[in-house]
Amino acid sequence: CIDQNNIELDLRCLPVFLHGCRRMVVFCGITYLRRLWCIMEIFTFIHMSRGLDRIEFILVLREGHEAEDAAEIAEAFASFDARECECFSAADKDRMLSIIHNAFGDVVSFNREVSAIFE
């Protein structure tokens, strides 16, 4: 996770943190795909040419709401749009979306990559 008190430093170090990882395991609940910092971890991993096949998603479902949560997560992947993600700081959000745009040519291409994870 990105240290929210040291965002600048941790964002610059994120590739270093992930470089040593052959696989990424994501514990995905109903809010995961709405949090831009979480998406930046996926972005960095994919951009480092690790490949979608090296990301494993483990769904985190609330007891008694498993089917509802699983459906909500599936819909979040199907309709994923990084521009709709939340970020505490508008400046951080703009910076991260700019990074995604520069790396993928546009945000739509990145959105397709994220959506493809759950297909």
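None of the values given here were measured: they were computed from a predicted structure.
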Kindly state each residue pair satisfying side chain to side chain donor-acceptor pair (under 3.5 Å) with at least one member in residues 97-107, sequence neighbours excluded. Asp106-Ser109
Measuring from Met40:CE to Phe45:CZ, what's the distance to the nearest 0.5 Å? 15.0 Å
Where do Ala70 and Leu59 come nearest, in terms of heavy atoms and distance? CB-CD1, 4.5 Å
Going from CD on Glu84 to OG on Ser79, what distance comes out if it is rounded to the nearest 0.5 angstrom? 9.0 Å
Going by heavy atoms in the side chains, are Met24 and Glu56 under 4.5 Å from each other? no
Could you walk me through whether Cys85 and Trp37 pass the side chain to side chain contact (heavy atoms under 4.5 Å, CB included) test, one step at a time? CA-CA 9 Å; Cys85 289; Trp37 283 109; over 6 Å; no
Can you list the steps and then say if Phe77 with Tyr32 is a side chain to side chain contact (heavy atoms under 4.5 Å, CB included)? CA-CA 10 Å; Phe77 272 103; Tyr32 184 85; 5.9 Å; no
Considering only heavy atoms from C-beta outward, does the side chain of Phe57 approach that of Ile42 to under 4.5 Å? yes
Apart from Val25 itself, its cluster of hydrophobic side chains linked below 4.5 Å comprises Phe27, Ile58, Val60
Assess whether side chain to side chain contact (heavy atoms under 4.5 Å, CB included) is satisfied between Lys93 and Arg83, documenting all intermediate values. CA-CA 9 Å; Lys93 181 174 181 174; Arg83 295 166 292 202; 5.6 Å; no
In terms of side-chain geometry, is the basic nitrogen of Glu72 or Arg34 positioned less than 4.0 Å from the acidic oxygen of its partner? yes
Take Phe104 and Arg112, measure what side chain to side chain contact (heavy atoms under 4.5 Å, CB included) needs, and give me the verdict at the end. CA-CA 10 Å; Phe104 281 83; Arg112 278 194 298 267; over 6 Å; no
For Ser115 against Ala78, the heavy-atom pair lying closest together: OG-O, 4.0 Å
Do Glu113 side-chain atoms and Asn111 backbone N/O form a donor-acceptor pair below 3.5 Å? no
Do you know which two heavy atoms are closest between Ile100 and Ala82, and how far apart they sit? CD1-CB, 4.4 Å
So do Leu33 and Ile39 actually touch side chain to side chain, heavy atoms under 4.5 Å? yes
